[in-house]
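Down below is the structure, laid out as structure tokens.
This structure is a prediction, so every number in the text was calculated from the model and none was measured. Counting from 1, the numbers follow the sequence of the chain as shown. Hydrogens, waters and symmetry mates are skipped; everything else that's a heavy atom, side chains included, is used.
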Amino acid sequence: MPPATPELISPRSPRVVAARRLAKRNFRGKDRLFLAEGPQAVREAAGHRAGDAATLVELFATTEAAERYADIVGAARDAGARVHLAAEQVIADISTTVTPQGLVGVCRFLDTPFEEVLAARPRLVALLANVRDPGNAGTVLRCADAAGAEAVVLTDASVDVYNPKAVRASVGSLFHLPVAVGVPVEQAVERLRDAGVRVVAADGAGDRDLDDELDKGTMGGPTAWVFGNEAWGLPEETRALTDAVVRVPIHGKAESLNLATAAAVCLYASARAQRASGGCRSVTGN
């Protein structure tokens, strides 16, 4: 049986133009839509719903990708998404990657109101304060998902979580846990504390050591980790808002840890402490 002929062959098609413009933040905000590229992200989008609405609304696929990922295309159709077979040049025109994988989905925004995050009484939260790099934001979101966090909160000074690079870096985790956006850091800290969550800043210059905090048993309760800007960390006024400023100990000769690595260590430390029945030993020592 010969392969199906792509229905979209021109980058000037109105559908293609509408999808391509979602690479820009102002159009994403106006349309409340974003792009999810590649099989993993599209698979997760196809299985995600926000209330009664399916998250995936449209899928562009090359003929080869539609055959290779027939299960994903089928799931997209089952979710009610419009599926378009598109020429490779069309996919390349929509995609923001150097080597497109043949699948690009158009998805509805899925951020959760901060009030709903609080109402769920979360035990582990990642709070991104002034994080500007979309790859770091997506990677921290992935780490939070892997560590079992119940939510990620991005302050109003942080990067757009729907930036294509952030979506790719999350590797599907954007669709797994509640994400609240645009919350002023002062409000986020105050409301989390009111909800019974201890707010801890992660900072290399912190006056408390993560190993010591774990050994003292202070990390077992509901915790929100605050992660700062990649280049200059957390400003003093933000650190002053928190209940503690904790550093990840450097046992070797490395000058420091990057944001995503430090976030993974901190989030997993809390996850282990919260799951431990008889205390928790160091997760960073040998």
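Taken to the nearest 0.5 Å, the CG atom of Asn130 stands 8.5 Å off from the CD atom of Glu230. To the nearest 0.5 angstrom, Arg21 atom CZ is 8.5 Å from Asn26 atom CG. Note that the CZ atom of Arg208 and the CG atom of Asp203 stand 13.5 Å from one another [nearest 0.5 Å]. In this structure, CZ on Arg28 lies 11.0 Å from CG on Leu33, to the nearest 0.5 angstrom. Here the CG-CG distance, from Asn136 to Leu128, works out to 9.0 Å after rounding to the nearest 0.5 Å.
His251 has its side chain within reach of Asp211: a pair of non-hydrogen atoms, C-beta onward, lies under 4.5 Å apart. Contact check for Arg82 versus Val106: no side-chain heavy atoms found under the 4.5 Å cut-off. Residues Leu174 and Phe34 are in side-chain contact: their nearest non-hydrogen atoms beyond the backbone lie under 4.5 Å apart. Taking 4.5 Å as the limit, some side-chain heavy atom of Val248 sits within range of a side-chain heavy atom of Cys266. Side-chain atoms of Leu154 and Val131, non-hydrogen and from C-beta on, never get closer than 4.5 Å to each other. Looking at heavy atoms from C-beta onward, Leu127 lies in side-chain contact with Val189 at the 4.5 angstrom threshold. Residues Asn229 and Leu234 fail the side-chain proximity criterion, which asks for heavy atoms closer than 4.5 Å.
Arg193 has no carboxylate O lying under 4.0 Å from a charged side-chain N of Glu190, or vice versa, which leaves the two without a salt bridge. Arg142 has no carboxylate O lying under 4.0 Å from a charged side-chain N of Glu44, or vice versa, which leaves the two without a salt bridge.
Of the N and O atoms on the side chains of Glu213 and Thr218, at least one donor lies less than 3.5 Å from an acceptor on the other residue.
For Glu64, the CD atom is loosely surrounded, since the number of other residues' heavy atoms within 6.0 Å does not exceed 12. Taking a 6.0 Å sphere around CZ of Arg198, one finds it holds more than 12 heavy atoms contributed by other residues, nucleotides or ligands. Crowding of Glu150 atom CD: a count of heavy atoms from other residues, nucleotides or ligands under 6.0 Å exceeding 12.
Between Tyr162 and Phe109, the ring planes lie parallel to each other; the angle is under 30°, not in the 30° to 60° tilted range.
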* **Derivation and outcome, side-chain hydrogen bond (donor to acceptor under 3.5 Å, both in side chains), residues Thr96 and Arg168** => CA-CA 10 Å; Thr96 61; Arg168 287 197 303 274; 2.7 Å; yes
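Checked against Thr223 for a side-chain contact (heavy atoms from CB on, under 4.5 Å), the options Leu192, Asp243, Leu267, Val200 give a single hit: Val200.
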